[in-house]
Amino acid sequence: LDEGTELRGCSDFVVWGSEVSSVRKSVATPLAKRRHLFLVSAKALAMGALEPKLLQKWQALFIHPMMHRKCMLSVFSRFYRWLTPLELGILVKLPHDIRQELTIATLFLPLCESCLDWPVSTRITCTDATPVAGGATEARISERLALGLYSMTEDRGCHVNLRQVV
């Protein structure tokens with residue numbers, strides 16, 4: 001937002017790249033951007049082969065829309081593992097399972113919205129993994145604590161790959 005921008009009384013506005021609709025009670029990446037990504041994705045999927053850096057940037061374009069419906073990020077199950085060892089600058093053909101993940105991600109785009117009336121979950125989950133093992137845990141907390149934690153949290157779900165750090 002620009003300093004001094006007044007949003008009071010606005011039923012629809014865009015903030016930080018997300019479109020907020022008070023009437024529909026929804027938050028999402030603007031439909032025009034999701035539509036454009038859909039069309040670009042359809043063309044990319046129709047190509048025979050793509051360069052790994054382009055694939056990486058293309059997949060990254062799905063992150064913002066899917067942050068509004070985080071469960072959609074789970075569609076990228078094998079993509080990261082498949083992409084990591086590829087040599088840059090060489091065209092690669094998409095294996096069937098990777099093409100399928102990207103197709104499903106593309107079809108998910110119209111559904112990538114959050115409803116402002118949805119409650120904050122009282123179930124907290126935490127996962128961690130190493131190259132050889134993984135673990136998960138969950139706990140139930142009070143609604144008051146859940147709302148407090150939600151309002152204080154900066155990152156609300158994201159993909160992390162520690163191999164790049166180590």
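Values in this document were obtained by computation on a predicted structure and should not be read as measured data.
- Between H68 and H64, the ring planes are perpendicular. Angles over 60° get that label, and only those under 30° would be called parallel.
- The two residues Y80 and Q59 make their nearest non-hydrogen contact at OH-NE2, 2.9 Å.
- The OG atom of S77 lies 8.5 Å from the CG atom of D97; values are rounded to the nearest 0.5 Å.
- For T84 (side chain) and R81 (main-chain N/O), no donor-acceptor pair under 3.5 Å exists by modelled atom type.
- Heavy-atom neighbours of E138 CD from other residues, nucleotides or ligands within 6.0 Å: above the threshold of 12.
- At a threshold of 4.5 Å between side-chain heavy atoms, the hydrophobic network of Ile, Leu, Val, Met, Phe, Trp and Tyr places L91 and L45 in two separate groups.
- In the hydrophobic clustering of ILVMFWY residues, with side-chain heavy atoms under 4.5 Å counting as a link, L83 and I63 come out together.
- Tracing side-chain contacts under 4.5 Å through hydrophobic residues (I, L, V, M, F, W, Y), one never reaches V20 starting from V23; they form parts of separate clusters.
- Under the 4.5 Å side-chain contact rule for hydrophobic residues, L55 and I104 share a cluster.
- To the nearest 0.5 Å, atoms OG (S21) and CG (L116) are separated by 8.5 Å.
- In this structure, the side chains of L149 and I141 come closer than 4.5 Å at one or more pairs of heavy atoms.
- A donor-acceptor pair under 3.5 Å is formed between the side chain of E51 and the backbone N or O of G89.
- In this structure, L37 and T106 have side chains that are not in contact, with every pair of non-hydrogen atoms separated by 4.5 Å or more.
- When all heavy atoms are compared, the tightest approach of P52 to L88 is CB-CD2, 3.9 Å.
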Decide yes or no on side chain to side chain contact (heavy atoms under 4.5 Å, CB included) for F62 and V75, but give the supporting numbers first.
-> CA-CA 11 Å; F62 286 96; V75 72; over 6 Å; no
Would you check, one step at a time, whether the test side chain to side chain contact (heavy atoms under 4.5 Å, CB included) holds for I98 with R78?
-> CA-CA 7 Å; I98 303 303; R78 296 206 355 87; 4.0 Å; yes
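- Nearest heavy-atom pair, A28 versus C112, reported as atom, atom and distance to 0.1 Å: CB-O, 3.5 Å.
- For the atom pair NZ of K93 and CG of L50, the computed distance is 12.0 Å after rounding to the nearest 0.5 Å.
- Salt-bridge check for R34 with E113: passed, with a basic side-chain N closer than 4.0 Å to an acidic carboxylate O.
- Residues L73 and M66 approach most closely at CD2-CB, 3.7 Å, considering heavy atoms.
- Taking each heavy atom of R99 and L94 in turn, the nearest pair found is NH2-CB, 4.1 Å.
- If you take NZ on K53 and CG on L86, they are separated by 12.5 Å, rounding to the nearest 0.5 Å.
- Closest of all the heavy-atom pairs between V27 and S18 is CG1-CB, 4.0 Å.
- Between L31 atom CG and L109 atom CG the span is 10.0 Å, to the nearest 0.5 Å.
- Residues W82 and M47 share a hydrophobic cluster, clusters being chains of Ile/Leu/Val/Met/Phe/Trp/Tyr side chains in contact below 4.5 Å.
- A distance of 10.5 Å separates CD of E101 from CZ of F108, quoted to the nearest 0.5 Å.
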